Amino acid sequence: RRGEMAKLTQLIDNDVFRAFATYATIVLLKMMLMSLLTAYYRITRKAFANPEDTASFGKGENAKKYLRTDADVERVRRGHLNDLENIVPFLGIGLLYALSGPELSTALLHFRIFVGARIAHTFAYMIPLPQPGRGLSWAVGYAVTISMAYRLLSSVLYL
């Protein structure tokens, strides 16, 4: 069945699509947790971007001191931005790849490596671990997305 696009009615029975849905959900939840982590750091560091967010800490000039940047908040935000830059392409390319009929074992390898790389990247960013840990974890995830795109373009799509 390799190279054959799945019909919409077959998706629920398609093991590769279910695997993609599983791993896509994991990385989306991880990305959502980055929002919570950002909020946590903003509150604990009392570093806010908007005046209305400082209302709990005072009014007028007293509240203005909480309108500031914080290195820890910015680190989490950069990690979250990196997720957006890498998880969104994975979702699009991964969906098309999953629908292209790849072998389950190959698809699982792609999905698992990507998810592992993104989780490792988050730990490397948040701890922070010395380079090249973060860079390598980013590169591995990026290479997986490129690999799926290459397999998709070379086996299914018309160029």
Side-chain angles (χ1 to χ4, degrees), residues 1-45 47-49 68-159:
R1 216 175 98 114
R2 190 176 182 328
E4 181 181 311
M5 291 295 277
K7 292 180 177 59
L8 191 56
T9 56
Q10 297 172 323
L11 286 182
I12 202 71
D13 294 325
N14 183 316
D15 288 338
V16 174
F17 179 78
R18 286 199 326 248
F20 170 73
T22 300
Y23 289 99
T25 300
I26 292 168
V27 292
L28 285 170
L29 285 171
K30 188 213 88 53
M31 190 166 64
M32 290 171 63
L33 286 172
M34 295 299 286
S35 293
L36 295 176
L37 193 58
T38 301
Y40 169 79
Y41 274 91
R42 282 202 182 282
I43 292 166
T44 59
R45 304 314 192 263
F48 300 99
R68 60 186 184 84
T69 58
D70 177 85
D72 293 331
V73 172
E74 293 306 310
R75 177 170 280 280
V76 176
R77 284 172 31 85
R78 287 190 306 271
H80 193 188
L81 180 60
N82 193 276
D83 274 351
L84 289 168
E85 293 169 350
N86 289 274
I87 291 173
V88 171
F90 167 80
L91 294 174
I93 291 170
L95 176 61
L96 295 174
Y97 172 74
L99 296 175
S100 72
E103 292 292 327
L104 177 61
S105 60
T106 305
L108 280 170
L109 187 65
H110 279 96
F111 303 154
R112 288 173 177 165
I113 290 173
F114 180 84
V115 170
R118 290 313 305 168
I119 290 170
H121 182 270
T122 298
F123 280 111
Y125 219 136
M126 296 303 104
I127 289 176
L129 297 177
Q131 286 287 25
R134 189 178 81 238
L136 288 174
S137 60
W138 170 83
V140 167
Y142 200 81
V144 167
T145 304
I146 295 295
S147 174
M148 289 188 300
Y150 173 78
R151 288 172 179 265
L152 184 62
L153 289 171
S154 66
S155 67
V156 177
L157 299 180
Y158 300 105
L159 292 179

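Note that the coordinates shown come from a computational prediction; the quantities given were computed from them, not determined experimentally. Quick note: numbers below take in every heavy atom, side chains included, and nothing from hydrogens, waters or symmetry partners.
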Item to check | Residues Leu95, Phe17; criterion side chain to side chain contact (heavy atoms under 4.5 Å, CB included); working and verdict | outcome: CA-CA 8 Å; Leu95 176 61; Phe17 179 78; 3.6 Å; yes
Checklist entry - Who passes ring-ring contact (aromatic ring centres under 6.0 Å, His included) against Phe48, sequence neighbours left out? => result Phe57
Next on the checklist: Applying salt bridge (charged side-chain N to carboxylate O under 4.0 Å, His left out) to Asp72 and Arg75, what does each step give before you reach the verdict?
Outcome noted: CA-CA 5 Å; Asp72 293 331; Arg75 177 170 280 280; 6.0 Å; no
Item to check | Met32 CE to His80 NE2 distance, which is reported to the nearest 0.5 Å | outcome: 9.5 Å
Checklist entry - Going by atom types only, do Arg112 and Tyr23 share a side-chain donor-acceptor pair under 3.5 Å? => result yes
Checklist entry - Got His121 and Asn86 here, is their nearest side-chain heavy-atom distance under 4.5 Å? => result no
Checklist entry - Say you draw a straight line from OG1 of Thr145 to CD1 of Ile87; how long is it, rounded to the nearest 0.5 Å? => result 9.5 Å
Checklist entry - How long is the span from the OG atom in Ser147 to the CZ atom in Phe114, to the nearest 0.5 Å? => result 12.5 Å
Next on the checklist: Let me confirm one number: the CG-CG distance from Leu33 to Leu28, rounded to the nearest 0.5 Å.
Outcome noted: 11.0 Å
Next on the checklist: Would Asp83 and Arg118 count as a side chain to side chain contact (heavy atoms under 4.5 Å, CB included) here? Give the steps.
Outcome noted: CA-CA 8 Å; Asp83 274 351; Arg118 290 313 305 168; 2.7 Å; yes
Next on the checklist: In terms of relative ring orientation, are Phe90 and Phe20 parallel, tilted or perpendicular, with 30° and 60° separating the classes?
Outcome noted: tilted
Item to check | Candidate pair Phe111 and Met148, rule side chain to side chain contact (heavy atoms under 4.5 Å, CB included), full reasoning | outcome: CA-CA 10 Å; Phe111 303 154; Met148 289 188 300; 3.8 Å; yes
